Amino acid sequence: MAARRERSALAACFRAALRCCVAAVVLSEVSGSESDAFRAGSSGLSAAAARDVRYLLYDVNPPEGFNLRRDVYIRMASLLKTLRQRGDWVLVLPPWGRLYHWQSPDVHQVQIPWAEFFSVSSLQANVPVIEYEDFVAESGGPFIDQVFVLQNYAEGWKEGTWEEKVDERPCIDRLTYSKDKQGYYRGWFWGYEETRALGVTCLSAQGHASVLAPHLQENVTATSVMLDRAETVLHDHYAGKDYWNTRRSMVFAKHLRVLGDQFRAKYLNSTDKQDHTPYSEDWTRMRAKLGSAKGGPYLAVHLRRKDFIWGHREDVPSLKGAVKKIRSLMKKHKLEKVFIATDAEDEEVLDLKRLLPEMVRYEPSRAELELLKDGGVAIIDQWICAHARYFIGTSVSTFSFRIHEEREILGFDPKSTYNRFCGDEEEECEQPTHWKIVY
Ligand SMILES: Nc1nc2c(ncn2[C@@H]2O[C@H](COP(=O)(O)OP(=O)(O)OP(=O)(O)O)[C@@H](O)[C@H]2O)c(=O)[nH]1
Ligand SMILES: *[C@@H]1O[C@H](CO)[C@@H](O)[C@H](O)[C@H]1NC(C)=O
Ligand SMILES: *[C@@H]1O[C@H](CO)[C@@H](O)[C@H](O)[C@H]1NC(C)=O
């Protein structure tokens with residue numbers, strides 16, 4: 001109880017400070033476009049204190065990669081839309097960091113705001129979202145009222161009787177949260193050590209994301225609710241209109257697109273004008289006709305290695321096998337240049353260069369890497385792959401899947417997009433599915 005009081009006192013204090021801050025802005029005589037920009041940013045703050053805002057936060061199982069996390073965002077945005085049918089919910093963007101694949105040494109890769117990778121105003125044109133640090137500022141401090149750790153049902157489900165359901169249940173796995181001396185729950189919280197939760201319980205959930213909505217609306221009164229292990233719930237309607245709206249709103253941050261475009265122009269003779277890939281910052285206006293994009297005069301390849309080859313998967317080619325396929329595609333499509341995106345170890349990249357000396361790669365300098373981080377570099381690779389005349393990716397890699405979607409948005413002929421390498425000995429090499437945009 002003392003804890004709760006302390007928390008509300010702190011919250012009130014924060015709110016008061018905010019109101020002062022807002023008042024100060026109103027009183028001061030900022031003028032012109034600058035003041036408009038500021039108002040656009042701060043109006044959310046002043047309004048939040050007056051509104052009955054509720055916050056939805058979430059996190060994903062730590063081992064999951066960047067591109068699966070992008071997919072979980074789509075599920076949460078969909079849940080948020082359902083929640084907003086009854087209440088003023090806002091989605092809090094989970095800071096990026098501590099990802100298993102982001103291994104560049106000595107680069108600080110935690111507490112990364114979404115704005116470093118995505119255009120937040122584009123996301124906001126789909127659902128109301130705020131960065132975590134804005135949540136802390138406007139909600140009254142680094143406190144989350146209630147964490148629900150999502151899990152399956154201990155008993156599984158009876159065969160042939162799939163039903164959608166949600167129930168508070170005892171935790172199946174050991175909790176990754178523990179109580180501190182004051183009775184607050186401490187946990188990872190994206191690397192924000194001062195963040196605390198007032199309650200943590202486990203919620204068994206089976207079904208699509210919006211199956212959680214009635215529970216959060218009717219049985220939970222907490223203002224801020226965090227769903228941990230959010231990947232447990234499924235898409236509401238995979239590849240439906242709502243899915244695509246959210247996917248289309250995930251516009252890459254402008255600085256990353258600019259760097260990718262500069263690279264295309266400089267090394268690949270590729271510009272939007274020549275390639276028929278006009279882009280609008282406003283995704284609601286992007287509606288390229290299928291087949292209208294021509295793409296730059298190069299073949300683009302996503303060659304996923306590391307954990308994909310350690311398991312000796314039969315659907316992933318040897319380097320030799322990949323190069324053979326690359327050469328045959330270049331010949332077939334009369335392309336002289338090939339762009340390679342890969343997570344291969346340095347040694348393997350050297351082997352690849354020996355087999356394919358003409359290959360082009362985006363290799364950031366140390367300073368660029370520090371600035372862009374592994375996530376930004378990966379996005380630039382994806383952006384360049386998305387603009388090629390022809391693309392071939394790696395079997396069941398979410399990194400490749402995100403490139404498919406980006407090319408679909410740009411209006412490429414599906415034949416030039418939904419391609420993947422086959423394993424050297426793979427007999428039935430099924431190609432990726434074409435998912436058409438629903439506008
Ligand atoms: N720059 C760059 N990084 C890559 C490439 N392929 C993989 N990576 C890195 O490796 C990570 C793993 O790929 P992800 O697709 O995000 O991880 P995932 O969600 O586990 O997906 P899978 O590819 O399906 O494993 C990416 O997030 C990148 O950090 C690439 O071609 N270029
Ligand atoms: C709310 O909780 C009650 C009691 O635990 C439960 O019976 C009911 O189904 C719950 N309602 C929703 C919408 O989850
Ligand atoms: C670049 O492409 C254009 C047409 O798309 C072509 O006319 C030009 O010769 C190319 N330049 C180089 C250096 O290859």
Side-chain angles (χ1 to χ4, degrees), residues 60-73 86 96-104 107 109 112 117 148 164-169 201 203-205 207 210-221 231 256 260 264-277 294-298 300-311 313 315-316 335-337 339-345 348-349 352 361-364 368-369 372-386 389 391-404 420 432:
V60 177
N61 195 20
E64 301 297 351
F66 186 45
N67 288 292
L68 181 95
R69 284 164 192 268
R70 286 172 61 185
D71 187 72
V72 176
Y73 171 77
R86 289 175 50 195
W96 296 100
R98 203 176 65 167
L99 261 54
Y100 162 77
H101 296 100
W102 292 355
Q103 294 171 346
S104 287
V107 181
Q109 311 213 48
I112 305 172
F117 299 143
F148 289 115
E164 305 227 305
K165 51 184 182 175
V166 180
D167 292 282
E168 294 218 23
R169 287 289 180 89
T201 50
L203 200 59
S204 286
S210 286
V211 78
L212 297 165
H215 182 74
L216 299 181
Q217 287 164 328
E218 289 162 29
N219 277 1
V220 177
T221 54
E231 77 285 355
L256 301 175
R264 285 166 55 209
K266 191 163 174 199
Y267 299 102
L268 299 164
N269 192 14
S270 164
T271 63
D272 287 349
K273 200 155 189 268
Q274 287 174 50
D275 305 349
H276 304 294
T277 50
K294 185 168 169 234
Y298 58 98
V301 171
H302 174 232
L303 204 53
R304 182 78 162 76
R305 306 306 278 176
K306 290 206 172 132
D307 41 312
F308 274 42
I309 50 171
W310 298 334
R313 282 169 45 165
D315 57 342
V316 177
L335 297 169
E336 280 161 24
K337 292 197 168 93
F339 176 80
I340 308 271
T342 185
D343 61 336
E345 309 273 5
E348 217 191 4
V349 172
L352 184 62
R361 263 187 100 205
Y362 175 69
E363 289 168 300
E368 280 170 324
L369 180 60
L372 309 171
K373 314 201 168 52
D374 286 323
V377 172
I379 285 173
I380 292 172
D381 266 348
Q382 288 180 316
W383 187 249
I384 299 169
C385 285
R389 184 93 22 105
F391 172 72
I392 182 165
T394 302
S395 179
V396 292
S397 159
T398 52
F399 190 104
S400 292
F401 291 159
R402 300 292 89 86
I403 295 170
H404 297 164
R420 68 142 171 119

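Residue numbers count from 1 along this sequence. The structure presented is a predicted model; accordingly, all values stated were derived computationally and were not measured. All ligand and atom numbering here is 1-based and tracks the order in the structure.
At a heavy-atom cutoff of 4.0 Å, ligand 1 is contacted by the side chain of R304 but not by its backbone. Neither the backbone nor the side chain of K306 has a heavy atom within less than 4.0 Å of ligand 1. At a heavy-atom distance under 4.0 Å, only backbone atoms of V396 (N, CA, C or O) approach ligand 1.
The protein atom (non-hydrogen) at minimum distance from atom 4 (C) of ligand 1 is F399 CE1, 3.6 Å. The protein atom (non-hydrogen) at minimum distance from atom 10 (C) of ligand 2 is N219 ND2, 2.5 Å. The protein non-hydrogen atom at the shortest distance from atom 14 (O) of ligand 3 is N269 ND2, 3.3 Å. In terms of protein heavy atoms, atom 9 (C) of ligand 1 is closest to D343 CB, 4.1 Å. In terms of protein heavy-atom proximity, atom 5 (O) of ligand 3 is nearest to Q274 OE1, 2.8 Å. Nearest protein heavy-atom contact of atom 15 (O) of ligand 1 is T398 OG1, 3.0 Å. Protein heavy atom in closest approach to atom 13 (C) of ligand 2: E218 OE1, 3.2 Å.
A pairwise comparison of heavy atoms in D343 and R304 identifies OD2-NH1, 2.7 Å as the closest pair.
By the neighbour-count criterion of 12 heavy atoms within 6.0 Å, atom CZ of F308 is densely surrounded, having more than that number from other residues, nucleotides or ligands.
Comparing heavy-atom distances from atom 28 (C) of ligand 1 across P63, G393, A378 singles out A378 as nearest.
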